[in-house]
Amino acid sequence: MDKAYNSSQESEIYELWQNSGAFTPIVPKNPKQAKLKDNPYSIILPLPNANDPMHMGHALFTIQDILVRYHRMLGQPTLWLPGGDHAGIETQFVFEKRLAKEGKSRFDFDRQTLYKMIWDFVEENRKLNQFQMKKLGFSMDWTRYHYSLEEPIVENVLATFKKLYSDGLVYRDEKIVNYCTFCGTAFSNLEVDHKTVASHLWYIKYGPLTVATTRPETMLGDTAVAVNPKDKRYKDLIGKTITLPLVNKEIPVIGDDSIDIEFGTGAVKVTPSHSLEDYDMAKKHNLEFVRIFDYDGKSNNNVPEKYRGLFPNQVRQMVIDDLTALGLMEKIEDYSHEVGHCYRCGRPIEPITAPQWYVKIDKLAKPAIEAAKTSQIKFFPTRFKKTYTTWMENIRDWNISRQIVWGPRIPAWYCLDCNPDIKLNFLDKNKEVVSGFYKDLKGKYSVEEIKNGLQSLVAPVDADFTVDHLDHCPKCKSTSLIQETDTFDTWFLSGQWPLSTLGFNTANSSKSSPDFDYFYPTTVMDTLWDILFFWVARMTMFGLYLTGNVPFKTVHLHSKVTDAKGQKMSKSKGNVVNPLDVTEKYGTDALRMSLVYGIAPASDFVVSEDKIRAQRNFVNKIWNASRFVEMLIDRLNPSKISLDIDKSKLTDADKNILDKLNQIIISTTKNLETYHFGQASEDLYQFFWKDFCDVYIENAKDRGEETIPILLTVLETSLKLLHPFIPFITETVYQNLQGKFNFKKELLISSSWPNEIKY
RNA sequence: GAGUCUAUAGCUCAGUUGGUUAGAGCGCUUCAUUGACAUUGAAGAGGUCAGAGGUUCGAGUCCUCUUAGACUCACCA
């Protein structure tokens with residue numbers, strides 16, 4: 001045997017496991033009945049973005065591997081189901097950055113071509129991703145791997161959309177949305193980052209009163225001024241009109257309780273099309289909507305000519321200059337406030353009215369709240385239960401439409417002849433961009449040409465549509481049907497992941513697969529808490545809505561990986577540690593152990609090279625302890641070697657180590673059951689190094705052969721206890737021992753979890 | 001604005017329902033070792049557990065306040 005452990009044979013060990021079938025649980029013929037007796041254990045992998053090479057966050061799947069390996073050793077039929085996510089906007093954004101390097105943009109391609117290009121881009125990375133997870137030793141069932149754009153998965157997601165629609169839970173509406181003009185799509189509230197921005201409060205004279213605003217440029221779209229009815233200063237103005245400067249248009253003064261008398265001047269300009277609060281106020285008071293910024297981020301024809309075709313910050317400066325010149329700028333104060341930014345590209349969000357698809361969320365949220373309150377779903381750490389329910393109780397309707405290409409299109413079809421006001425953007429046969437309403441394009445371009453070069457369409461909010469793909473319009477019999485170009489929010493798809501991957505059939509639940517019957521609800525969902533709302537909440541709602549049952553019984557949330565100084569790893573900080581580099585240098589086990597060692601539940605995972613090196617040393621310690629035991633045994637005739645402990649001859653040292661061993665069996669089991677991985681790994685480390693190596697083995701050196709049964713017992717049991725954490729070294733040593741003494745013939749991965757030693 | 005969390009050794013962090021001299025890794029000091037392991041062993045230095053008050057026979061652990069920081073959520077001009 002080598003003097004030091006060599007981790008280069010990890011991939012051979014992995015193949016040994018995989019070929020043994022240990023990763024692939026067998027589902028019995030009568031899954032529903034067998035389930036009670038078998039108590040299957042299942043975890044669905046939080047599907048990594050297929051475009052994303054592994055980072056330390058993925059290495060945290062180690063936690064799931066620990067759980068899965070432990071429960072497998074307990075004898076439960078155990079499934080860990082891996083997958084990959086097309087990851088909608090994330091992937092398209094990365095891909096567009098690539099295009100930009102080549103001097104191109106999404107506008108240079110029709111959507112079919114763009115989709116194909118992104119598809120190929122993802123395919124390259126997907127295999128890499130799988131290879132990397134194997135490197136980290138994850139005992140996933142690769143025979144059940146799923147990709148989010150597989151046809152059956154997408155079919156099922158579309159069926160869910162239809163079901164929601166027929167249940168009256170899907171609707172279109174033209175509300176204010178969070179729109180990123182750079183990314184070219186709307187976002188849900190969750191995808192908006194609020195940042196404090198140091199700006200100004202501009203006081204602008206509107207005839208007899210003065211308004212204070214943080215966005216002077218939007219005044220061009222004002223359709224009212226609001227004051228508090230209790231405000232004596234303005235009481236008499238309510239119901240009258242004033243002249244909007246620069247636009248020279250009469251707008252009403254309205255009274256609304258929501259106006260804070262103390263703030264600014266107590267008078268607020270109302271821009272219904274570009275402010276969430278103003279939108280609500282306009283709905284309430286039946287005000288006019290004037291949208292002045294378009295989806296491309298530039299001002300449109302609804303503003304006086306000189307301000308047209310400009311970005312908001314350009315319009316702002318002009319408006320400020322013009323108002324100042326007219327003597328209408330009363331004063332400017334410094335003011336800092338919260339502004340929504342695109343979580344993806346970091347640019348300011350433009351609140352804008354746009355037709356979008358929504359899911360009515362109340363009916364879905366209620367059972368999901370109940371499930372948490374009644375502990376059908378348990379949270380670990382428990383404090384996240386409150387975070388979850390509070391969010392769920394304040395949830396709003398979910399905007400599920402994204403104006404991007406990468407993802408399944410919403411299955412709705414419009415008749416162009418019935419809806420001539422549909423706006424179309426496409427590349428004609430000469431690859432020139434054409435943009436306009438169908439009523440103006442009809443005759444000039446064939447529907448075929450439009451469809452082939454289609455980039456996007458915007459249907460009026462009241463447009464007729466069908467959710468079935470028909471040959472002709474049920475109303476006018478026209479065959480000029482065109483599918484919605486909006487795609488689903490990626491979480492709409494991944495929110496159904498536990499269902500789709502286990503083979504639940506939305507359209508006909510009785511046709512669901514045996515896997516679903518056997519493994520649903522899954523046992524644990526382990527994920528980073530930053531996607532608690534994005535993903536965990538959505539999975540819960542979909543699970544309950546579609547099956548009446550929760551998708552997982554326990555949610556185990558953990559935090560991010562940081563560097564030695566506690567800083568989040570990021571490319572810009574240059575402190576990113578690539579997990580694959582670490583496994584090359586120190587071995588996978590050292591990385592896995594250092595990730596969980598001494599980490600408190602739900603706190604950050606601190607990874608430093610020092611720590612990894614320390615764990616590499618630990619792995620090597622195990623190697624050398626086994627080497628010592630083997631050397632001792634080499635002096636004996638193999639047939640005399642036995643694990644049987646002669647109780648009558650035990651010394652104090654023997655009893656001491658066996659007591660300690662029993663303690664560590666109990667505490668490790670308990671710690672694994674309660675998700676105290678940090679404690680478990682730390683205790684095992686101490687036990688093996690101090691109690692076993694430093695004390696007992698030193699003692700054994702003076703005694704010799706009589707200690708062999710104890711040495712073997714403690715070593716074998718330790719390997720089992722450590723296996724979930726550091727599978728490679730433990731399996732390697734286990735196989736070496738077996739090869740040498742033939743005391744058992746099994747893989748450690750499939751061996752049974754130890755019970756207390758009786759002596 | 002609402003909520004959550006954190007403060008323990010030079011550094012990064014453990015400390016599971018309150019119970020004897022508060023722990024680990026790395027770092028530091030001294031010594032040892034050619035036979036499992038220098039990826040080692042032995043010994044050691046180093047903390048008024050952020051501050052103040054309270055509950056208790058007993059508080060790093062529970063409660064209140066103060067200070068400092070982190071994060072999440074949020075349509076206020």
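Below, chains carry the letters A, B, ... as their sequence lines are ordered, and counting in each starts from 1.
- A close approach under 4.0 Å does not occur between any side-chain nitrogen or oxygen of A:N624 and OP1 or OP2 of B:U40.
- Under 4.0 Å is where a charged nitrogen must lie from a carboxylate oxygen, and between A:K366 and A:E393 no such pair does.
- Within 4.0 Å of A:I697, counting heavy atoms only, lies at least one base atom of the nucleic acid.
- Whole-Å rounding puts the A:R613 CZ to B:U39 C1' distance at 10 Å.
- Closest approach to the A:A614 side chain among B:U40, B:G25, B:U16 is made by B:G25 (side chain taken as heavy atoms from C-beta onward).
- In this structure B:U48 sits in no base pair that meets the Watson-Crick or G-U test at under 3.5 Å.
- Pair assignment for B:C73 gives B:G1, based on Watson-Crick or G-U wobble hydrogen-bonding distances that are each under 3.5 Å.
- When each of B:G15, B:G25, B:U72 is scored by its nearest atom to the side-chain atoms of A:W529, the top-ranked nucleotide is B:U72.
- Residue A:F384 is out of contact with every strand shown, counting any heavy-atom pair closer than 4.0 Å.
- The existence of a salt bridge linking A:R703 and A:D654 is confirmed by a sub-4.0 Å separation between a basic side-chain nitrogen and an acidic carboxylate oxygen.
- As rounded to the nearest Å, B:U4 and B:G58 have C1' atoms that lie 31 Å from one another.
- Spacing between B:U8 and B:A59 at atom C1', rounded to whole Å, works out to 14 Å.
- For A:N620, the side-chain atoms get nearest to B:U39 when compared with the rest of B:U16, B:U39, B:A36.
- Considering A:V319, A:V211, A:I292 in turn, A:V319 is the only one that fulfils the side chain to side chain contact (heavy atoms under 4.5 Å, CB included) rule with A:M219.
- For A:D260, taking side-chain heavy atoms from C-beta onward, the closest of the listed nucleotides B:A74, B:C76, B:A14 is B:C76.
- Residue A:K701 places at least one side-chain N or O closer than 4.0 Å to OP1 or OP2 of B:A36.
- Using a 4.0 Å heavy-atom criterion, one finds that A:I259 contacts the bases of the nucleic acid, with or without backbone contacts as well.
- Among the nucleotides B:A42, B:A74, B:A36, the one closest to any side-chain atom of A:D694 is B:A42.
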Could you list, one pair per line, each protein nitrogen or oxygen that sits under 3.5 Å from a nitrogen or oxygen of nucleotides 21-23 of chain B, together with the distance?
none

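- A:A600 comes within 4.0 angstrom of the backbone, heavy atoms only, and of no base.
- Between the A:T265 side chain and the A:A267 main chain, a donor and an acceptor come within less than 3.5 Å of each other.
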Just distance, no hydrogens or angles: give the donor-acceptor pairs under 3.5 Å from side chains in residues 582-592 of chain A, sequence neighbours left out.
unit_1: A:T583; atom_1: OG1; unit_2: A:L580; atom_2: O; d: 2.8
unit_1: A:E584; atom_1: OE2; unit_2: A:K135; atom_2: NZ; d: 3.4
unit_1: A:K585; atom_1: NZ; unit_2: A:E609; atom_2: OE2; d: 2.8
unit_1: A:Y586; atom_1: OH; unit_2: A:E609; atom_2: OE2; d: 2.8
unit_1: A:T588; atom_1: OG1; unit_2: A:E10; atom_2: OE1; d: 2.7
unit_1: A:T588; atom_1: OG1; unit_2: A:K135; atom_2: O; d: 3.0
unit_1: A:D589; atom_1: OD1; unit_2: A:F728; atom_2: N; d: 3.2
unit_1: A:D589; atom_1: OD2; unit_2: A:F728; atom_2: N; d: 3.4
unit_1: A:D589; atom_1: OD2; unit_2: A:I729; atom_2: N; d: 2.6
unit_1: A:R592; atom_1: NE; unit_2: A:F725; atom_2: O; d: 3.0
unit_1: A:R592; atom_1: NH1; unit_2: A:D65; atom_2: OD2; d: 2.7
unit_1: A:R592; atom_1: NH1; unit_2: A:L136; atom_2: O; d: 3.0
unit_1: A:R592; atom_1: NH2; unit_2: A:D65; atom_2: OD2; d: 2.9
unit_1: A:R592; atom_1: NH2; unit_2: A:P724; atom_2: O; d: 2.8

**Derivation of the side chain to side chain contact (heavy atoms under 4.5 Å, CB included) call for A:Q356 and A:D173** = CA-CA 6 Å; A:Q356 302 282 332; A:D173 196 2; over 6 Å; no

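- A straight line from NZ of A:K621 to P of B:A36 spans 11 Å, rounded to a whole angstrom.
- Nucleotide B:C73 holds its C1' atom 11 Å from the CG atom of A:L532, rounded to whole Å.
- For the pair A:Q679 CD and B:U16 P, the computed distance is 8 Å after rounding to whole Å.
- Under 3.5 Å, the side chain of A:E338 and the base of B:A74 form at least one donor-acceptor pair of N or O atoms.
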**Request:** List the steps, then state whether side chain to side chain donor-acceptor pair (under 3.5 Å) holds for A:W623 with A:D2.
**Result:** CA-CA 9 Å; A:W623 177 256; A:D2 293 339; over 6 Å; no

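- Remark: A:K331 engages A:Y203, A:E333 in a side-chain contact (heavy atoms from CB on, under 4.5 Å) (not counting sequence neighbours).
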**Prompt:** A:T674 and A:H676: side chain to side chain donor-acceptor pair (under 3.5 Å), yes or no, with the steps?
**Reply:** CA-CA 6 Å; A:T674 53; A:H676 286 88; 2.8 Å; yes

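- Closest approach to the A:W689 side chain among B:G41, B:A36, B:U39 is made by B:G41 (side chain taken as heavy atoms from C-beta onward).
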I'd like a list of close polar pairs between nucleotides 4-7 of chain B and the protein, N/O only, cut-off under 3.5 Å.
unit_1: B:U4; atom_1: OP1; unit_2: A:K386; atom_2: NZ; d: 3.2

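- With a 3.5 Å ceiling on both atom-pair distances, B:U17 lacks any Watson-Crick or G-U wobble partner.
- As rounded to whole Å, 14 Å separates atom P of B:A36 from atom CG of A:N699.
- Within the nucleic acid shown, A:Y279 has no heavy atom closer than 4.0 Å to any nucleic acid atom.
- Every residue meeting the salt bridge (Lys or Arg N to Asp or Glu O under 4.0 Å) condition with A:D222, not counting sequence neighbours, appears here in chain and number order: A:K269.
- Going from the C1' atom of B:G15 to that of B:A7 covers 15 Å, rounded to whole Å.
- Judged by atom type and distance alone, A:K3 does not reach the base of B:A36 through any side-chain donor-acceptor pair under 3.5 Å.
- Regarding A:D530, its CG atom lies at a distance of 10 Å from the C1' atom of B:U72, rounded to whole Å.
- B:C62 and B:G54 make up a base pair, with Watson-Crick or G-U wobble contacts both under 3.5 Å.
- With a cut-off of 3.5 Å on both Watson-Crick or G-U wobble distances, the partner of B:U40 is given as B:A32.
- A donor-acceptor contact under 3.5 Å is formed by the side chain of A:E698 with the base of B:A36.
- What separates CZ of A:F533 from P of B:G3 is a distance of 15 Å, to the nearest Å.
- Applying the salt bridge (Lys or Arg N to Asp or Glu O under 4.0 Å) criterion to A:K249, with sequence neighbours excluded, gives A:E288.
- Ion pairing between a basic and an acidic side chain is recognised when a charged N comes within 4.0 Å of a carboxylate O; A:R233 and A:D231 show such pairing.
- In this structure, B:C11 and B:G25 make a Watson-Crick or G-U wobble pair, each of the two defining distances being under 3.5 angstrom.
- Looking at A:D691, A:T707, A:N656 one by one, the single match for side chain to side chain contact (heavy atoms under 4.5 Å, CB included) with A:Y696 turns out to be A:T707.
- For the pair A:H194 NE2 and B:U72 P, the interatomic distance rounds to 12 Å; values are reported in whole Å.
- Residue contacts for A:Y388: at a heavy-atom cut-off of 4.0 Å it reaches no nucleic acid atom on any strand shown.
- Within the nucleic acid shown, A:T214 comes within 4.0 Å of sugar-phosphate atoms alone, with no base atom in reach, counting heavy atoms only.
- Comparing the same atom, P, in B:U48 and in B:U29 gives a spacing of 23 Å after rounding to whole Å.
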